[in-house]
There are 2 protein chains.
Amino acid sequence: MDARTEAQPYAGLDPRLDRDTSNCSIARTLEIVGEKWTILILREVWYGSSRFGDFERVLGCPRNLLSARLRMLVEEGILATETYKEPGSRSRPKYVITPKGMDLVPAVMGLLQWGDRYRADPEGPAMLTRHRGCGAHVDAQIYCADGHAVEAEDIESVPGPAFRMKPAD
Amino acid sequence: MDARTEAQPYAGLDPRLDRDTSNCSIARTLEIVGEKWTILILREVWYGSSRFGDFERVLGCPRNLLSARLRMLVEEGILATETYKEPGSRSRPKYVITPKGMDLVPAVMGLLQWGDRYRADPEGPAMLTRHRGCGAHVDAQIYCADGHAVEAEDIESVPGPAFRMKPAD
DNA sequence: CTCCTGAGTTTACTTTCACATACTCAGCAA
DNA sequence: TTGCTGAGTATGTGAAAGTAAACTCAGGAG
């Protein structure tokens with residue numbers, strides 16, 4: 001049997017511990033990108049879309065939700081608005097990604113590679129990601145600050161500076 | 001000005017192109033882990049929880065949703081059920097992570113580190129992730145198959161084997 | 001002046017989701 | 001045989017999301 005089938009949780013927190021999970025960074029990120037359409041909008045931005053009509057057409061997202069999600073992403077500093085001007089038309093807004101938005105790339109790459117592995121069509125993925133320099137396939141990996149590649153099983157999670165217990169009732 | 005503020009989309013797809021996005025690996029992964037509570041359940045599994053009551057207590061998730069999410073995660077092969085037995089009680093089910101579930105770690109690490117960077121409390125994150133071997137902090141990074149660290153700006157996305165256009169109306 | 005276009009907003013309706021609460025069920029214990 | 005406990009299922013209500021269509025608004029084109 002594959003050794004990996006013996007995968008174990010990577011932290012040893014007592015599950016009876018009444019941790020306060022309200023300041024979890026995963027949950028806080030999901031408050032933004034966990035809404036439907038949001039990551040798909042970002043995907044289209046990375047693929048080159050920038051205009052309201054582009055998003056609407058390729059995603060099939062309702063206009064009111066698209067409008068709400070774009071506004072939220074701009075408020076959060078993940079996208080920024082600029083203007084573009086087609087010859088013969090007036091200036092219109094477009095949406096471009098910010099550095100804060102680009103910092104979501106590792107997370108989205110993680111989702112992408114899991115989907116490529118477990119949920120792709122038989123013939124393979126719809127899109128491939130390559131290193132612009134060398135053309136080799138890229139994916140998200142876990143590394144430690146000392147430069148070692150880290151297996152998921154070898155990650156341990158420990159309470160950090162903002163760790164709190166649930167307030168007593 | 002920081003060079004990173006000039007971040008550009010990493011693909012050059014024509015935004016007018018009527019791509020069929022129904023087989024996108026990101027979207028397919030989100031069908032599973034994009035539902036509320038699902039990633040938070042996985043987080044608790046990684047942190048050491050395995051029982052229905054543990055999840056309910058720490059997450060505050062409604063029981064019917066917790067039940068539905070756990071069933072889905074088992075059906076998808078991300079969790080598996082085993083049994084445990086407390087002395088003086090009958091056997092009860094518990095939930096353990098599978099290798100397929102562990103493969104979601106890079107994606108969740110990506111979400112975690114974005115939250116740590118942009119949405120943590122002033123004093124820092126609630127939890128820290130370390131390499132079990134050397135104790136150094138770990139995070140998700142993008143690497144290419146040739147072993148180069150890759151900046152998000154240097155990723156390009158190109159059509160893959162399952163790339164399709166939208167069926168004509 | 002009127003039409004056209006892209007980018008929205010508004011409205012009305014339907015469906016799904018979230019949440020709290022109550023209920024069930026199996027087996028150990030007393 | 002009654003109660004207790006963990007792990008669920010069932011249900012009722014309200015909020016949110018999805019859908020579709022109409023409407024607005026600014027400015028260039030004809």
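Chain A is the first sequence line, chain B the second, and so forth, proteins listed ahead of strands; every chain is numbered from 1. These numbers come from a predicted model, not from an experiment. The basis for the numbers below is simple: all heavy atoms, side chains too, and nothing from hydrogens, waters or symmetry mates.
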If you measure from the Lys or Arg side-chain nitrogens to the Asp or Glu carboxylate oxygens, is any gap between A:D121 and B:R164 under 4.0 Å? yes
Please state how far atom CD in B:E86 lies from atom C1' in D:dA7, giving the value in whole angstrom units. 14 Å
Cationic tip of A:R51 above A:Y95 ring, under 6.0 Å, 45° of axis: no
Nearest whole Å is fine: how far is C:dG6 C1' from A:R57 CZ? 12 Å
Is the shortest side-chain N/O distance from B:Y95 to OP1 or OP2 of D:dG6 below 4.0 Å? no
In terms of side-chain geometry, is the basic nitrogen of A:E76 or A:R69 positioned less than 4.0 Å from the acidic oxygen of its partner? no
Salt bridge present between A:K36 and B:E31 (N-O < 4.0 angstrom): no
In this structure, how many angstroms lie between the P atom of D:dT5 and the CG atom of B:D54, rounded? 17 Å
Should A:R19 and B:E44 be marked as a salt bridge (charged side-chain N to carboxylate O under 4.0 Å, His left out) after you check the CA-CA gap, both sets of side-chain angles, and the distance that decides it? CA-CA 11 Å; A:R19 270 167 46 240; B:E44 293 309 316; 2.7 Å; yes
Tell me the interatomic distance from A:F52, atom CZ, to C:dT5, atom C1', rounded to whole angstroms. 14 Å
Atom pairs, N/O to N/O, protein against nucleotides 27-30 of chain C, distance under 3.5 Å?
unit_1: C:dC28; atom_1: O3'; unit_2: B:G88; atom_2: O; d: 3.0

Mark yes or no for a side-chain to base donor-acceptor pair under 3.5 Å between B:R51 and D:dA7, with no hydrogen or angle criteria applied. no
What contact category does A:R71 fall into here, base, sugar-phosphate, or nothing, at under 4.0 angstrom with non-hydrogen atoms? sugar-phosphate
One thing to verify: whether A:E82 and A:R92 come together as a salt bridge, which I'm taking to mean a side-chain N less than 4.0 angstrom from a carboxylate O. no
Specify the closest pair of heavy atoms between A:G160 and B:L128, including all atoms of both residues, with the distance to one decimal. CA-CG, 3.7 Å
Rounded to whole Å, please give me the gap between CG in A:L66 and C1' in D:dA17. 14 Å
Can you measure A:R63 atom CZ to C:dT10 atom P for me and round it to whole angstrom units? 14 Å
Rounded to the nearest 0.5 Å, how far does CE of A:M165 lie from CG of A:L17? 4.0 Å
Pull out every protein N or O sitting under 3.5 Å from an N or O of nucleotides 13-18 of chain C, one pair per line with the distance.
unit_1: C:dA18; atom_1: OP2; unit_2: B:R69; atom_2: NH2; d: 2.9

Between A:D139 and B:Y143, do the side chains contain a donor N or O and an acceptor N or O under 3.5 Å apart? no
Rounded to the nearest Å, what distance is computed from the CG atom of residue B:L73 to the P atom of nucleotide D:dG8? 13 Å
Within the 4.0 Å heavy-atom criterion, would you say B:Y84 contacts the bases, only the backbone, or no part of the nucleic acid? sugar-phosphate
Without decimals, in angstroms, what is the distance between B:L59 CG and C:dA20 P? 13 Å
